[in-house]
Amino acid sequence: MKRQKYNPSVIEPKWQEKWEADRLYHAEEDAGRPKFYFLTMLPYTSGDLHIGHWYAMAPSDAKARYLRMKGYNVMFPVGFDAFGLPAENAAINHGIHPHKWTMANIERMRGQLRSMGAMWDWEREAVTADPDYYKWSQWFFLKFYQHDLAYRSMAPVDWCPNCNTTLAREQVWGEDRHCERCGTPVIKKDLEQWFFRITKYADELLDFGKIDWPERVVTMQTNWIGRSEGVTFDLGIKGSPKRIPVFTTRPDTVFGMTFAVLAPEHPLVAELTTDEHRAAVEDYRQRARRLSEIERLSTEREREGVFIGSYAINPMNEEQVPLYIADYVLMTYGTGAIMGVPGHDERDFDFAERNGLPIPVVIAPAGWDGQPLEAAYLDEGTMVNSGRFDGLPSSEGWEAITDDMETRGVGHREVQYRLHDWLISRQRYWGAPIPMIYCGQCGIVPVPEDQLPVLLPEDAEFRPTGESPLKYHEGFLHTTCPQCDGPARRETDTMDTFMCSSWYHMRYTSPGYDKGPIDPARYQYWRPVDQYTGGIEHATMHLLYTRFFTKACRDIGILDHDEPMLRLFNQGIILGEDNEKMSKSRGNVVNPDDFVQSMGADTTRAYLMFIGPWDAGGPWSSRGIEGVYRFFQRAWDVALAKPKSFAEQASANEVAALRRITHKTIRKVTDDMEAFRFNTMIAALMEFNNYLVKARQTPVVHTDAWREAVRTLILLLAPTAPHLAEELWQRIGGTYSVHTQPWPEWDEDAAADEMVTLVVQVNGKVRDRLPVAVGTSEEEARDLALGSSKVQRHTAKKNVVKVIYVPDEVINIVVK
RNA sequence: GCCGAAGUGGCGGAACGGUAUACGCGGCGGUCUCAAAAACCGCUGGGGGUAAACCCUGUGUGGGUUCGAAUCCCACCUUCGGCACCA
């Protein structure tokens with residue numbers, strides 16, 4: 001009779017069904033056990049599950065399973081980010097309703113996700129496009145509105161002409177300022193839109209003290225928030241009582257101001273432009289405006305500008321300087337106006353050169369000879385040409401000038417941020433309607449809570465026109481004012497989907513709860529997320545928004561903690577076999593279903609973990625995956641193949657050696673699991689297995705140590721290859737389920753080496769390797785080393801100057 | 001331009017300042033077979049030497065620190081990622 005071979009296509013579906021029938025992975029609150037909330041960023045309902053999803057999820061699942069075996073009550077939920085432009089665009093292209101399209105995708109993806117054999121608790125699934133879900137997204141919006149964290153404002157906003165909607169600043173990427181979704185360069189539009197006051201939390205968002213996140217994300221968020229300390233002070237205007245506030249981080253350079261610049265859109269431009277310059281100014285403003293509406297491809301833009309005829313007055317020395325407009329000054333940062341200090345600012349330097357303006361030095365670099373400098377000097381130095389501040393180090397001048405301005409009431413210390421408020425309005429159909437009503441009598445009126453959800457009408461025409469499709473749905477648009485019962489109109493824009501994904505981790509704790517977004521008691525048990533995993537691309541979008549959301553909810557009184565996710569791990573990107581990003585046009589897309597079918601989910605999961613460091617990503621290899629498949633086949637044989645009989649007994653040494661590698665492997669695998677080093681973890685399991693393949697041909701195969709080794713191998717494999725481990729566990733007579741077994745512990749004594757290889761060096765070069773007992777003394781090691789003929793060859797006729805001995809590692813003999 | 005990360009065999013990648021290249025892929029040789037595939041066993045950085053012993057050399061480049069450097073320091077080169085008129 002032939003022994004059964006490893007056959008994943010039989011065992012994988014079998015165990016998946018059993019696990020589901022047994023609700024093996026359903027997590028309930030249990031005050032008696034430490035909880036662990038393990039979360040992977042929820043997938044977008046784009047269609048098929050691709051290998052990138054597997055790369056993000058399979059290692060997460062392995063880690064979550066490991067933590068469960070370690071004794072934690074682990075919650076590992078999954079759901080779908082189901083609203084958004086791609087769904088809508090795809091639906092339009094296929095002539096299907098977005099709802100239908102999305103739900104069909106979800107159905108398909110559920111099946112594909114199940115094929116992974118992950119321990120998701122499907123009873124907690126959330127779909128952001130379900131009315132039960134977006135009702136609470138709307139509820140949060142109302143809370144934010146009540147607490148002055150949501151406001152409506154007319155502002156120049158980013159508009160994607162392809163997606164036909166506004167975007168948040170975080171969704172505009174790259175040098176050419178393109179749409180994060182479709183790549184089209186965005187344009188500016190002046191529109192009345194809804195914003196969330198994320199800037200109120202700028203300083204708190206810069207504090208990462210309560211979370212353990214990758215340095216990379218911390219840096220990106222810090223740069224994105226862009227905090228600058230400086231001074232806002234007023235420039236006077238010759239012949240006018242008006243003042244122009246300007247912001248600077250270098251008040252110490254104020255005596256070097258030789259001009260001032262307003263942004264072209266600055267509100268004072270019209271008033272301060274003299275008649276003789278009006279035509280040129282108007283012309284420039286038109287051009288600047290058009291420039292922002294066409295592609296901005298030139299990186300080295302000339303710093304042009306035009307004089308508007310007025311003069312600004314420097315409040316420190318009452319000097320008059322010409323006032324310009326130039327598009328290198330942005331209306332969206334600071335006050336939209338600057339002092340021009342060409343001696344100590346690169347942009348101002350270029351501008352002054354171009355316009356023939358003087359470039360005085362007011363901060364002298366060390367050893368300055370009094371001559372003009374060739375470029376703007378940006379560092380600290382000694383103040384010169386600065387009146388009574390001359391001779392001060394610039395850092396002291398900074399404080400002295402600022403104090404002077406504050407005393408005289410012309411300026412004050414101020415902090416500016418690059419971060420803008422979060423624009424959440426979208427002029428598209430497939431999103432959660434913003435629950436607001438506009439009444440001719442009462443103005444802006446929130447939809448009362450008991451009228452939520454504001455349902456998305458199924459029968460709307462959802463083609464993108466640049467305005468919300470809901471605007472043309474009469475039944476949706478017209479309503480009555482909740483305050484005066486008079487005729488009123490609904491807000492027709494929908495919410496940014498990042499609003500929906502800012503709180504999905506909260507919803508998982510309380511599936512189906514209908515008295516609020518979360519059941520406080522259940523939330524209390526699970527919160528916060530202990531470990532979050534997902535792609536780095538969300539560093540300044542989702543990961544920033546959800547932190548803001550948590551802090552806002554805390555201040556409103558909905559939550560009692562400051563941060564949503566304590567630890568974060570960003571996996572890398574899986575590339576095609578050609579080492580390029582996967583794309584249909586390149587034809588290098590890997591379909592996980594193919595490999596699941598031929599080699600199994602366990603193999604596919606394990607191979608993805610084996611490729612390299614998880615945060616590094618790397619190229620897929622269809623040859624490489626076969627190595628993992630072979631490994632599992634050999635593991636199957638190691639555990640199940642009938643051993644030979646031996647006349648002799650295993651020696652104590654053989655048994656000790658087997659136990660040593662068993663316990664060393666437990667230690668290595670545990671350490672690597674903890675540190676997300678899945679690639680070396682699997683390498684250690686392979687080494688262990690290779691050892692067992694050989695040991696199986698010796699008498700140790702009939703010892704308790706062997707049974708311990710096999711049992712250990714299966715347990716250590718369980719997080720990585722859950723089906724294989726369950727099958728082997730059952731076949732060796734283990735009690736169901738392997739996934740509820742405790743994680744093995746290693747015995748330091750059993751893992752300890754008796755002998756080590758002592759590396760013998762002469763002048764740092766390896767000359768010999770000697771087997772020695774652990775803990776060999778220096779004298780003994782020295783005698784052994786000096787006695788080695790290989791060493792003597794290099795020490796002959798030379799004097800031993802020094803011997804460095806690192807016990808159990810190396811002995812280095814220094815000769816001259 | 002600024003900030004960050006990384007450069008190791010033919011390939012993916014291992015290496016608390018202490019045996020460079022673990023583990024896997026590929027390649028070469030062998031066992032089995034009529035043959036092939038699969039499986040199994042052995043070898044596999046480069047150069048010299050006789051495929052032994054042994055010697056030299058080698059972790060992007062050039063310096064430095066150290067008994068000893070892939071690892072630490074300095075400079076540079078390259079690649080990738082982020083930001084980019086942010087005053």
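Below, read A as the first sequence line, B as the second, and so on, with proteins coming before strands; counting in each chain starts at 1. All heavy atoms count here, side chains included; hydrogens, waters and symmetry mates do not.
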> Are OP1 or OP2 of B:A38 and a side-chain N or O of A:R630 less than 4.0 angstrom apart?
Replying inline: no
>> At less than 4.0 Å, is any side-chain N or O atom of A:N690 found next to OP1 or OP2 of B:C23? Yes or no.
In response: no
> Can you tell me how far P of B:C11 sits from CD1 of A:I625, to the nearest Å?
Replying inline: 22 Å
>> What contact category does A:Q761 fall into here, base, sugar-phosphate, or nothing, at under 4.0 angstrom with non-hydrogen atoms?
In response: base
> Choosing from B:A20, B:C16, B:A87, which nucleotide comes nearest the side chain of A:V766?
Replying inline: B:A20
>> Taking 4.0 Å as the cut-off, does a side-chain nitrogen or oxygen of A:H794 come that near to OP1 or OP2 on B:C55?
In response: yes
> Under 6.0 Å between ring centres, would you say that holds for A:Y607 and A:F595?
Replying inline: no
> Within the structure, does a side-chain N or O atom of A:S228 lie under 4.0 Å from either OP1 or OP2 of B:A87?
Replying inline: yes
> Between B:C23, B:A84, B:G12, which nucleotide gets closest to the side-chain atoms of A:R169?
Replying inline: B:A84
>> Please report the distance separating the C1' of B:C11 from the corresponding atom of B:C3, rounded so that it comes out in whole Å.
In response: 32 Å
> In terms of side-chain heavy atoms of A:I804, which of B:G12, B:U19, B:C67 is nearest?
Replying inline: B:C67
>> Students often get this wrong, so: under 4.0 angstrom with heavy atoms, is A:T680 touching a base, only sugar-phosphate, or nothing?
In response: sugar-phosphate
> Should we say atom CD of A:E748 is surrounded by more than 12 heavy atoms from elsewhere, each under 6.0 Å from it?
Replying inline: yes
> Nearest of B:C3, B:A87, B:C54 to any side-chain atom of A:T219?
Replying inline: B:C3
> Which part of the nucleic acid does A:R227 contact within heavy-atom distance under 4.0 Å: base, sugar-phosphate only, or nothing?
Replying inline: nothing
> Where the side chain of A:F610 is concerned, which of B:G12, B:A87, B:C67 is the nearest nucleotide?
Replying inline: B:G12
>> Heavy-atom nearest nucleotide on RNA chain B for A:V806 versus A:E626: which residue maps closer to 5'?
In response: A:V806
>> Counting the atoms with a prime plus P, OP1 and OP2 as sugar-phosphate, which does A:V814 contact under 4.0 Å by heavy atoms, base, sugar-phosphate, or nothing?
In response: sugar-phosphate
>> Please tell me if A:R634 has a side-chain N or O lying less than 4.0 Å from either OP1 or OP2 of B:A39.
In response: no
>> Measuring from the side chain of A:R418 (C-beta onward, heavy atoms only), which nucleotide among B:G18, B:A84, B:A14 has the closest atom?
In response: B:A84
>> Can you identify which nucleotide, out of B:C55, B:A15, B:U57, has its nearest atom closest to the A:K765 side chain?
In response: B:U57
> If you look at every strand shown and take non-hydrogen atoms under 4.0 Å, does A:V341 touch a base, only sugar-phosphate, or nothing?
Replying inline: nothing
> Between B:C40, B:A87, B:G18, which nucleotide gets closest to the side-chain atoms of A:N812?
Replying inline: B:G18
> Since syn is defined as within 90° of 0, does B:G10 count as syn or as anti?
Replying inline: anti
> Is B:U21 paired to anything, Watson-Crick or G-U wobble with both distances less than 3.5 Å, and if yes, which nucleotide?
Replying inline: none
>> I want to confirm an ordering. Mapping A:V810 and A:P613 to their closest nucleotides on RNA chain B, which one lands closer to the 5' end?
In response: A:P613
> Among B:C23, B:G12, B:G26, which is the nearest nucleotide to the side chain of A:I611?
Replying inline: B:G12
> Among the nucleotides B:U19, B:G82, B:A87, which one has an atom lying closest to any side-chain atom of A:R769?
Replying inline: B:U19
Listing time: all N or O pairs from protein to nucleotides 5-8 of chain B that are below 3.5 Å?
none

